[in-house]
Amino acid sequence: MKYIYPKLLAICLAVAIYCNNKSVKSYKSSSISDSEYALTVKRGAFHYDRFDITKNKVQYTPDTSNEKTIDKYNKYSETFLDTLSTLGFFKKIEADGFWNLKPLYETKSSCGSKLMITLSHNKKTKTVICEDYIEGCPEVIKYIDKKVVEMEGNSLKRIYLPG
């Protein structure tokens with residue numbers, strides 16, 4: 001009888017360790033999946049460039065069919081980002097209602113400057129297109145456009161505009 005208690009204690013300890021390790025693995029995998037974001041910003045009009053953002057990097061890909069007069073608009077760039085700040089940016093976009101936006105915002109202007117934004121989180125993806133990034137474009141889309149240029153760091157603001 002006196003040998004049963006140590007065996008029972010060992011079994012309980014083994015079960016506790018197993019359960020603890022399982023919950024830690026589950027927590028780690030859910031944290032990793034939260035960070036699987038990707039954002040693509042494509043600008044129209046006379047830019048025709050794109051920004052690709054992940055949790056730790058922003059890549060700028062210029063339009064290769066038309067050389068710009070300002071050299072920085074012609075060069076590919078890659079900027080590494082602080083993961084926590086970038087995840088905060090993605091969470092803000094979601095909190096500001098990105099997933100509830102319409103897929104297309106049309107304009108009556110003939111001189112619009114298109115903006116197309118695609119957000120992916122895990123297996124969920126949505127693209128929002130604004131025919132004119134100024135007129136009739138939701139605030140969250142304008143915020144994304146401005147913030148991505150800021151994150152890239154070379155001040156690649158829109159300077160080539162129609163009209």
Side-chain angles (χ1 to χ4, degrees), residues 14-66 68 72-107 112-161:
V15 169
I17 289 171
Y18 172 77
C19 290
N20 186 42
N21 285 342
K22 188 174 181 180
S23 68
V24 168
K25 286 178 187 173
S26 171
Y27 172 76
K28 285 181 181 176
S29 67
S30 73
S31 295
I32 291 168
S33 69
D34 282 348
S35 64
E36 292 178 10
Y37 282 96
L39 180 76
T40 300
V41 175
K42 294 181 180 178
R43 302 189 296 187
F46 301 104
H47 283 272
Y48 299 109
D49 52 10
R50 73 184 278 155
F51 297 86
D52 294 293
I53 299 93
T54 59
K55 67 180 178 181
N56 64 351
K57 180 172 39 174
V58 59
Q59 297 170 292
Y60 170 73
T61 306
D63 172 23
T64 56
S65 67
N66 188 9
K68 309 290 186 282
K72 68 182 178 178
Y73 288 90
N74 299 314
K75 293 181 180 178
Y76 171 85
S77 72
E78 196 171 270
T79 305
F80 290 93
L81 305 170
D82 174 65
T83 301
L84 287 178
S85 297
T86 308
L87 290 175
F89 167 66
F90 289 131
K91 294 290 186 185
K92 178 174 176 20
I93 292 168
E94 288 182 316
D96 287 350
F98 183 87
W99 299 114
N100 300 322
L101 296 175
K102 298 186 302 186
L104 177 64
Y105 291 87
E106 297 177 288
T107 183
S113 182
K114 188 180 269 185
L115 178 61
M116 183 167 65
I117 296 180
T118 302
L119 177 63
S120 298
H121 181 220
N122 296 329
K123 295 180 181 175
K124 185 176 181 182
T125 299
K126 180 170 189 157
T127 298
V128 176
I129 300 170
C130 291
E131 289 181 345
D132 186 348
Y133 83 103
I134 295 175
E135 295 293 322
C137 194
E139 289 302 314
V140 66
I141 300 298
K142 291 178 185 179
Y143 167 76
I144 292 169
D145 184 45
K146 181 180 175 187
K147 186 69 175 173
V148 166
V149 168
E150 179 185 306
M151 291 165 76
E152 190 276 337
N154 287 316
S155 193
L156 296 168
K157 297 174 185 165
R158 287 178 183 257
I159 58 170
Y160 302 105
L161 299 171

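As the structure is a computational prediction, the values presented were derived from the model and not from experiment.
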Check your understanding: Are the side chains of Cys137 and Tyr105 in touch, meaning some heavy atoms are under 4.5 Å apart?
Key -> no

Exercise for review: Taking all heavy atoms of Ile93 and all of Val140, pick out the closest pair and write down the distance.
Suggested key: O-CG2, 4.1 Å

Check your understanding: Would you find more than 12 non-hydrogen atoms of other residues, nucleotides or ligands less than 6.0 Å from Lys126 atom NZ?
Key -> yes

**Study point:** Nearest non-hydrogen partners of Leu81 and Lys57, listed with the distance
**Key:** CD1-C, 3.8 Å

Practice item. Compare all side-chain heavy atoms of His121 with those of Trp99 and state whether any distance is below 4.5 angstrom. Key: yes

Check your understanding: If you measure from CG on Asp96 to CD1 on Ile141, what distance do you get to the nearest 0.5 Å?
Key -> 10.5 Å

Exercise for review: Report the distance from atom CG of Asn56 to atom CG of Leu87, rounding to the nearest 0.5 Å.
Suggested key: 9.5 Å

Review point. What is the distance from atom CD1 of Ile53 to atom CD of Gln59, rounded to the nearest 0.5 Å?
Key: 9.0 Å

Practice item. Report yes if the side chains of Tyr143 and Phe89 come closer than 4.5 Å at any heavy-atom pair, otherwise no. Key: yes

Exercise for review: Could you walk me through whether Arg43 and Phe51 pass side chain to side chain contact (heavy atoms under 4.5 Å, CB included), step by step?
Suggested key: CA-CA 9 Å; Arg43 302 189 296 187; Phe51 297 86; 3.7 Å; yes

Check your understanding: Do the side chain of Lys72 and the main chain of Asn154 share a donor and acceptor less than 3.5 angstrom apart?
Key -> yes

Check your understanding: Any side-chain heavy atom of Thr40 sitting closer than 4.5 Å to one from Met116?
Key -> no

Exercise for review: Grab the two heavy atoms, one from Asn74 and one from Pro62, that are nearest each other, plus how far apart they are.
Suggested key: O-CG, 3.4 Å

Exercise for review: Please assess Tyr37 against Thr86 for the test side chain to side chain contact (heavy atoms under 4.5 Å, CB included), listing each intermediate value before the final yes or no.
Suggested key: CA-CA 9 Å; Tyr37 282 96; Thr86 308; over 6 Å; no

